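Just so we're on the same page: letters track the sequence lines, and every chain starts at 1. For clarity, every value in this text was computed on a predicted model and none was experimentally measured.
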Amino acid sequence: MSDGPADQQADLSAVLRDRREKLGRIRDAGIEPFPHEFSEREEIAAVRAEHEGLAAGAETESRHRVAGRIAARRGHGKNAFIDLRDGSGQIQLHAREDLLGEEAYALLVDLDIGDIVGVEGTAMATRRGGELSLAIDHWRLLSKSLRPPPDKVHGLQDTETRFRRRELDLIANEESRRLFQVRARTITEIRRFLDERGFVEVETPVLQPLYGGALARPFTTHHNALDRDLYLRIATELYLKKLIVGGLDRVYELGKDFRNEGVSHKHNPEFTMLEWYEAYADYETTAHDLERMVAHVAERTLGATVVERGDTTIDFAPPWRRITLRQAILERSGIDIAEHPTREALARAMGTEPDPNEGWGKLVDGLLSRDVEPGLIQPTFILDYPVELSPFAKAHRSEPGVVERWEAFVGGVEIANSFTELNDPDEQRRRFEQQAAEIARGDDEAQPYDEAFVEALEQGMPPTGGVGLGIDRLVMMFTGAQSLREVLLFPAMRT
RNA sequence: GCCCCUGUAGCUCAGUUGGUUAGAGCGGCGGCCUUUUAAGCCGCGCGGCGCGGGUUCGAGUCCCGCCGGGGGCACCA
């Protein structure tokens, strides 16, 4: 059995073998291929900014020290051009044998694309193209790359490799780098928006003895010392509402939730969720806040509230369209759910057989996702849901049978969900009992009874509005990405 | 879990109705070249076609199973 890189060389492809051989030559030349630091460097973008507009053929005395990965090389015998890229940008290096000396020059042009180097030189612009470059007189290897980079022309296309080896995707594909910068800025601006309005960011348990706050199947894990099963949270809702009871009147949490379900272009088993709760607010306040927040964040991260998505243009500017669930289903399917208030009647109207495992609420939900949701391209609030689907939402103040709840849709995908929170502990207890009956009937996504949560409500929770916003989906809409996987650095993969 | 598509050099791809030692561009290796920009010119295939079986005189091409990826269904936010 081989037990070291050297012993494995025989098994390597020629490309990998070449790089290892070069590594050996570098060491033989007395050069450390993995030194410890390269301090006092400038970012490439800063160098570029300083010399913007430098005339073609100009040479300056302005010295710069930059570092980055070799992206491309164009050799010329006694001079060569190297494209160097760091996290801020890319710049061309002009390597000349007369400036570097014969030995340093020879070692430099023997480097591979993908190697990381630090260089020093003076700013200049090439004679013909006028491209800003650094005429370098010193260089130093900072890290030898032992694997070849993706194709410099076509980048990395293979989706499997792009997701499994995201580092290669980021090296090769500019668009991918852009997406994750948009994602980072989106999260920063959301925090800023909430912080500026007096919201307090908190962290509640990911490992929970009882899961709740959404209708979903959890992941189960085990705590050895306590010898008991724990659940990865499916939502932060119940903990955050306890904090509202405790007097944190404006509170939010931004983090991962986990749901034990399928993977698709809009589902990942772990995903990033923002939940916020505001005391003394209701679902009209939260709708107003969401549309303002999303438009504001779009403005700050993308420079506009308008974004291109495929061949359509989405405009996040408020106010968003508002329509009741009943009206939306009527428009799209011709079925008035209010006229078919039982499972049997609604199933008949839909032309299907009543399924004993599907209540009236599930049928309504089916109509929503099948007939309504795909058509909701521009930002839209769907209002007032059946109580069966919403165990934590307060009954509508005037419409019987529905609760004060909305879901926001963009690009045919649900991005947010909100209620006027149920704060009547006795009603909450009845809702849990209803859910318990659903569990008994075999619904493994119903809510387990949470007595501690009811006790918190008994302490007295002010009227409250709460929102859950799917960050991954929002970023997907902001970037025009067609799949959630494009905006998750490491999306879920089999094995 | 089911259905459809897919898997060829490091990367991006082409491989006729199954037929001689599997091709191209980029990359790599060797050579030339002091202002290139997917630099250029000359020379060299560096993989045996996801894995395992099978059919056949002969399989990258056909069949079966398995694995990975994509899309759809189911499920869901």
Side-chain angles (χ1 to χ4, degrees), chain A residues 12-19 21-22 56-59 71-83 90 92-100 105 109-110 112-114 124-131 133 135 145-165 168-169 171-173 213-217 234-235 257-275 362 365-366 368-370 373 389 407-409 413-417 443-445 468-474 476 482-485 491 493-495:
Chain A
L12 298 178
S13 72
V15 190
L16 271 57
R17 215 162 43 229
D18 285 340
R19 293 206 170 214
E21 282 168 13
K22 276 192 183 177
E59 296 187 7
R73 188 185 53 222
R74 295 170 290 281
H76 281 271
K78 291 189 167 52
N79 82 148
F81 295 91
I82 292 168
D83 291 334
Q90 184 170 310
Q92 178 171 268
L93 307 179
H94 190 191
R96 295 166 45 176
E97 193 188 67
D98 56 354
L99 289 179
L100 286 158
Y105 180 80
V109 296
D110 195 40
D112 288 309
I113 294 175
M124 55 163 280
T126 57
R127 284 175 206 156
R128 214 172 308 156
E131 178 164 349
S133 310
S145 171
L146 294 173
R147 289 180 179 274
D151 190 285
K152 71 175 177 180
V153 180
H154 303 96
L156 181 64
Q157 302 294 326
D158 182 68
T159 52
E160 183 175 358
T161 310
R162 289 187 49 233
F163 297 153
R164 285 189 194 279
R165 301 207 52 208
L168 291 181
D169 182 42
I171 287 171
N173 299 325
L215 302 178
R217 277 180 294 182
I234 59 173
D257 285 347
F258 307 84
R259 297 188 186 176
N260 208 336
E261 284 143 11
V263 178
S264 79
H265 69 105
K266 53 180 181 175
H267 297 272
N268 198 67
E270 58 179 291
F271 62 102
T272 302
M273 176 79 109
L274 166 69
E275 288 193 43
K362 288 248 174 187
D365 195 41
L368 169 63
S369 53
R370 196 191 66 202
E373 191 172 328
L389 297 172
E407 290 184 313
F409 295 85
V413 174
E414 183 200 335
I415 62 162
N417 177 29
D443 184 346
D444 52 6
E445 285 162 4
L469 171 64
I471 299 298
D472 315 288
R473 288 181 173 183
L474 180 66
M476 189 164 112
Q482 295 294 325
S483 167
L484 209 58
R485 286 182 276 258
M493 289 278 166
R494 191 187 301 266
T495 71

Checklist entry - Of all the nucleotides listed (B/G10, B/U35, B/U37), which has the minimum atom distance to the side chain of A/N79? => result B/U35
Checklist entry - Out of B/G28, B/U35, B/C11, which nucleotide sits closest to the side chain of A/K22? => result B/G28
Let's test this: given Watson-Crick or G-U wobble pairing with both distances under 3.5 Å, identify the partner of [N].
| N | result |
| --- | --- |
| B/G48 | none |
| B/G25 | B/C11 |
| B/G1 | B/C73 |

Just to be sure I understand the rule, does [X] reach a base, reach only the sugar-phosphate, or reach nothing, if contact means heavy atoms closer than 4.0 Å?
| X | answer |
| --- | --- |
| A/R73 | sugar-phosphate |
| A/R473 | base |
| A/G155 | sugar-phosphate |
| A/R485 | sugar-phosphate |

Quick one: the side chain of [X] and the base of [N], do they pair up donor-acceptor inside 3.5 Å?
| X | N | result |
| --- | --- | --- |
| A/E131 | B/U37 | yes |
| A/T126 | B/U37 | yes |
| A/D151 | B/G25 | yes |

Checklist entry - Atom NZ of A/K362 and atom P of B/A74: how far apart are they, to the nearest Å? => result 14 Å
Next on the checklist: If the cut-off is 4.0 Å, is A/R128 near the phosphate of B/U36, judged by side-chain N/O to OP1 or OP2?
Outcome noted: yes
Next on the checklist: Which is it for B/G50, anti or syn, if anything within 90° of zero counts as syn?
Outcome noted: anti
Checklist entry - Is the shortest distance from a Lys or Arg side-chain nitrogen in A/E407 or A/R473 to a carboxylate oxygen in the other one below 4.0 Å? => result no
Checklist entry - For A/R494 and A/F409, take the nucleotide of RNA chain B holding the closest heavy atom to each; which residue's nucleotide lies nearer the 5' end? => result A/R494
Checklist entry - So which one's nearest nucleotide on RNA chain B is more toward 5', A/A72 or A/A216? => result A/A72
Checklist entry - Is the backbone N or O of A/E131 less than 3.5 Å from a side-chain atom of A/T126, with the two atoms forming a donor-acceptor pair by type? => result yes
Item to check | Test side chain to side chain contact (heavy atoms under 4.5 Å, CB included) applied to A/Q92 and A/R74, step by step | outcome: CA-CA 10 Å; A/Q92 178 171 268; A/R74 295 170 290 281; 2.7 Å; yes
Item to check | Distance (rounded to the nearest 0.5 Å) between A/F163 CZ and A/L168 CG | outcome: 13.5 Å
Checklist entry - Parallel under 30°, tilted from 30 to 60°, perpendicular over 60°: which one fits the rings of A/H76 and A/F81? => result perpendicular
